[in-house]
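Naming: A, B, ... by sequence-line order, numbering from 1 per chain.
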Amino acid sequence: MATSDPGREGTGAPNAASGPERAGTGGRDAASDPGRPPGDMLPPGVPLLSNAELAAIFHEIGDMLEVQGELVFKTVAYHRAADAIAHSPVEVARAYREGHPPRIPGVGAAISKKLLELATTGRLAFHERLRAEVPPSLVALLEIPGVGPRTVKLLHEQRGIETLDDLRRAAEAGHLRDLRGMSERTEAAILDGIAQLDRRQQRMRLGEAERIVEGIVAELRDTPGVHALVPAGSFRRRRETIGDLDLLASTDDPGALVGRFVAMPSVDRVLGSGPHKASVRLHEGPQVDLMVMPPGEEGTYLVHFTGSKEHNVRLRSRARERGWSLSEKGYLRLGPDGEPLTGDAAELRTFATEGEAYAFLGLAWVAPELREDRGEIEAAAEGRLPQLIEPADLRGDCHAHSDWSDGVHSIEQMAEAARARGYAYQALTDHSFGLAIARGLTPERVLEQRAVVVALNDRFAREEDAGRAPAATPAEGFRLLHGCELEIRADATLDFPDEVLAGFDLVVASLHVSRRQPREQLMARVLAALRSPHVDILAHPAGRMIGGREDLDLDWDTVYAEAARTGTLLEINGSDHRLDLSDERARAAIGHGCLLSIDSDAHRVEELDSVRWGVATARRGWVEASGVANTWPRDRLLDWVRRKEERLV
DNA sequence: GCCGTTTTCGGCCCGACTGTTTTCAGTCG
């Protein structure tokens with residue numbers, strides 16, 4: 001079914017036909033005209049909505065229908081469709097305009113019709129009508145913790161409340177306590193929720209989440225009765241940002257653990273606390289949920305609290321088809337009425353491991369990074385889950401800086417750290433001079449730097465010969481490759497001439513300046529880099545900063561096709577600020593036949609470890625080791641680089 | 001609103017916690 005690979009048909013259709021073979025000749029024009037189809041086919045003056053903008057509209061529709069008291073399944077359908085659109089690898093509005101709407105799971109006839117209207121007119125009458133009935137300020141009240149759609153509807157209908165200020169005033173004046181289901185305490189809770197809104201923390205990056213979780217685990221580890229503490233939730237799935245933290249505990253004494261958890265010095269306030277679970281907010285912002293699992297029955301607990309929600313919903317539905325109800329506690333046998341059997345007939349199946357819990361549904365164990373309902377359940381059922389790349393598969397790092405440009409540590413310190421990790425290579429890729437703010441190197445400095453690299457490699461070779469290399473050094477030894485991070489200038493020229501570029505072992509190209517150019521210009525720059533015989537890797541291709549800079553406005557299908565044709569590697573930048581390519585772009589790139597590299601972009605020794613976030617992102621993108629060039633031995637990588645030069649020069 | 005080798009109509013995932021209630025609704029994850 002299409003659900004196993006959402007949107008693939010849509011992605012493939014326009015490009016498959018004009019694939020690599022054509023790109024050198026007739027395809028060249030198509031590739032350099034990223035605004036396909038020709039502009040005259042597009043309605044003039046109608047902006048093309050991004051997937052994120054479309055998703056926001058459908059989420060808002062879902063919210064507004066909730067507030068109106070609409071059937072919950074209908075509102076869920078809108079949210080589901082919105083998520084699917086946001087995650088689609090296809091540029092949905094463009095595809096609708098071009099007359100080949102992609103198949104998107106969760107988008108049926110009704111939402112498809114609305115998508116067409118949005119794509120062709122930039123507006124949606126249904127959305128505008130709803131907005132008139134349910135003011136956006138009312139929908140915004142849903143953000144208040146503890147306030148849901150039923151409460152908003154009640155407040156609106158009974159008290160005429162439309163805005164946050166209305167609500168605050170009414171609660172302060174004690175005008176809500178007479179409403180059904182409300183009291184003085186509810187008013188206080190609402191005011192408290194509003195106060196929380198004001199200082200609502202933003203989502204954490206992976207590194208921050210890891211630091212906080214590890215601190216909590218260290219604090220609770222020696223609590224009596226505790227067998228294991230396992231971080232779960234979106235952190236275990238390695239989502240690119242983390243909202244709340246989830247911690248699972250296997251313990252003989254739940255009371256002792258919960259008691260200690262809520263009393264940690266790092267806790268600002270206790271949001272809730274029961275015999276088996278508790279929630280707290282930390283002083284530094286995030287909410288942490290602790291859940292207790294009975295020893296020996298961890299399997300379904302781990303599945304449940306790792307999520308994602310969408311993944312769990314699919315599992316439960318699959319369980320139901322087989323006559324069982326799935327919850328964190330295990331599988332309960334369903335009776336003929338579709339309800340779990342009770343009393344003597346009750347039957348609960350529990351499992352010690354996740355593998356067994358999945359196997360009960362006829363599924364292979366699914367790696368946490370894949371649990372997003374993006375086809376992994378179908379793949380697990382059919383035995384075609386990918387062999388995901390592991391951190392240990394990496395044999396080198398193709399993107400690292402030193403204090404010669406904007407790094408902190410010396411060339412030698414960076415190389416020694418890479419060598420100590422057991423790598424066979426590290427590419428030293430300091431910036432080229434066009435990026436003045438990073439103190440980029442001139443061609444003269446490049447030559448000086450090369451002498452340092454040569455001298456270091458001489459020493460490494462001597463030490464290896466003498467058996468004095470670090471224990472982890474692979475059989476092929478360690479070498480520092482001399483590379484650069486080549487600036488792609490605003491005018492689509494490259495920062496170094498070909499004769500300078502030819503002197504490097506490996507060149508990483510990237511685009512830092514003039515990021516707001518129109519798509520045509522940005523594409524011209526990216527294509528110039530991909531087509532250079534000397535550029536081996538396009539670094540952080542989307543140019544985003546998580547929570548900061550937006551993605552570059554690129555025609556991704558063309559980027560993938562040209563990277564595949566020219567044999568240019570696309571980077572997954574492991575910095576947890578970047579994670580670029582993203583998981584879904586990495587998956588799309590592999591689908592287009594691209595090869596990737598996973599690099600640290602380290603500016604200091606400690607950041608070499610960032611590759612683990614890059615590997616996690618690759619795993620979320622279904623990437624196998626075979627799709628990543630820096631899993632190769634050094635000679636094979638360098639051979640790949642040479643072959644590109646020979647073919648394209 | 002979506003979806004179908006159990007259904008084109010009738011389903012649609014599950015439980016803990018909270019607070020206001022005498023048996024439950026709302027929210028959350």
Among the nucleotides [options], which one has an atom lying closest to any side-chain atom of [X]?
X: A:A110; options: B:dG29, B:dG19, B:dG1; result: B:dG1
X: A:D246; options: B:dG29, B:dG1, B:dC17; result: B:dG29
X: A:H304; options: B:dT27, B:dG29, B:dG1; result: B:dG29
X: A:K277; options: B:dG29, B:dC2, B:dC17; result: B:dC17
X: A:K329; options: B:dC2, B:dG29, B:dA16; result: B:dA16
X: A:S327; options: B:dG15, B:dG1, B:dG29; result: B:dG15

Requested in this report: Can you establish whether the number of heavy atoms outside A:E382 located under 6.0 Å from its atom CD is more than 12?
Outcome: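 Above 12, so yes.
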
Grab the [atom1]-[atom2] distance between [X] and [N] for me, whole Å please.
X: A:L271; N: B:dC28; atom1: CG; atom2: P; result: 12 Å
X: A:E321; N: B:dG11; atom1: CD; atom2: C1'; result: 12 Å
X: A:R185; N: B:dG26; atom1: CZ; atom2: P; result: 19 Å
X: A:R314; N: B:dC12; atom1: CZ; atom2: C1'; result: 13 Å
X: A:Q287; N: B:dC17; atom1: CD; atom2: C1'; result: 13 Å
X: A:E339; N: B:dC12; atom1: CD; atom2: P; result: 9 Å
X: A:L142; N: B:dT27; atom1: CG; atom2: P; result: 9 Å
X: A:K309; N: B:dC12; atom1: NZ; atom2: C1'; result: 13 Å

Is any side-chain N of the basic residue among [X] and [Y] closer than 4.0 Å to the acidic one's carboxylate O?
X: A:R123; Y: A:E128; result: yes
X: A:D246; Y: A:R237; result: no
X: A:E354; Y: A:R371; result: yes
X: A:R612; Y: A:D576; result: no

Query raised in the report: For B:dT8, what is the paired nucleotide under Watson-Crick or G-U wobble rules, both distances under 3.5 Å?
Result: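 With both distances under 3.5 Å required, B:dT8 matches none.
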
Which part of the nucleic acid, if any, lies within reach of [X] when heavy atoms closer than 4.0 Å are counted: base, sugar-phosphate only, or nothing?
X: A:P340; answer: nothing
X: A:A189; answer: nothing
X: A:V76; answer: nothing
X: A:F305; answer: nothing
X: A:S273; answer: sugar-phosphate
X: A:L326; answer: sugar-phosphate
X: A:V72; answer: nothing

**Report entry** Within 45° cone and under 6.0 Å: A:R585 NZ/CZ vs A:W556 ring
**Finding:**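 Yes, A:R585 sits over the ring of A:W556.
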
Report task. Please confirm whether the backbone N or O of A:L361 pairs with a side-chain atom of A:R318, one donor and one acceptor, at under 3.5 Å? Result ->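 Between the backbone of A:L361 and the side chain of A:R318 there is a qualifying donor-acceptor contact (under 3.5 Å).
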
Whether [X] contacts [N] is assessed here as follows: a side-chain N or O lying under 4.0 Å from the phosphate OP1 or OP2. Is that the case?
X: A:T151; N: B:dG26; value: no
X: A:R150; N: B:dG26; value: yes
X: A:R320; N: B:dC14; value: yes
X: A:R103; N: B:dC3; value: yes

Query - Given DNA chain B, 5'-ward residue of the pair A:G146 and A:A278, judged by closest heavy atom - result: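 First, find each residue's nearest nucleotide; the 5'-ward one identifies A:A278.
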
Requested in this report: Return the 5'-most residue of the pair A:T186, A:V152 with respect to DNA chain B, ranking by each residue's nearest nucleotide.
Outcome: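 Final value for this comparison: A:T186.
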
When the [atom1] atoms of [M] and [N] are compared, how many Å lie between them, rounded to an integer?
N: B:dG1; M: B:dT6; atom1: P; result: 27 Å
N: B:dT8; M: B:dC3; atom1: C1'; result: 9 Å
N: B:dT21; M: B:dT27; atom1: P; result: 15 Å
N: B:dC17; M: B:dC12; atom1: C1'; result: 25 Å

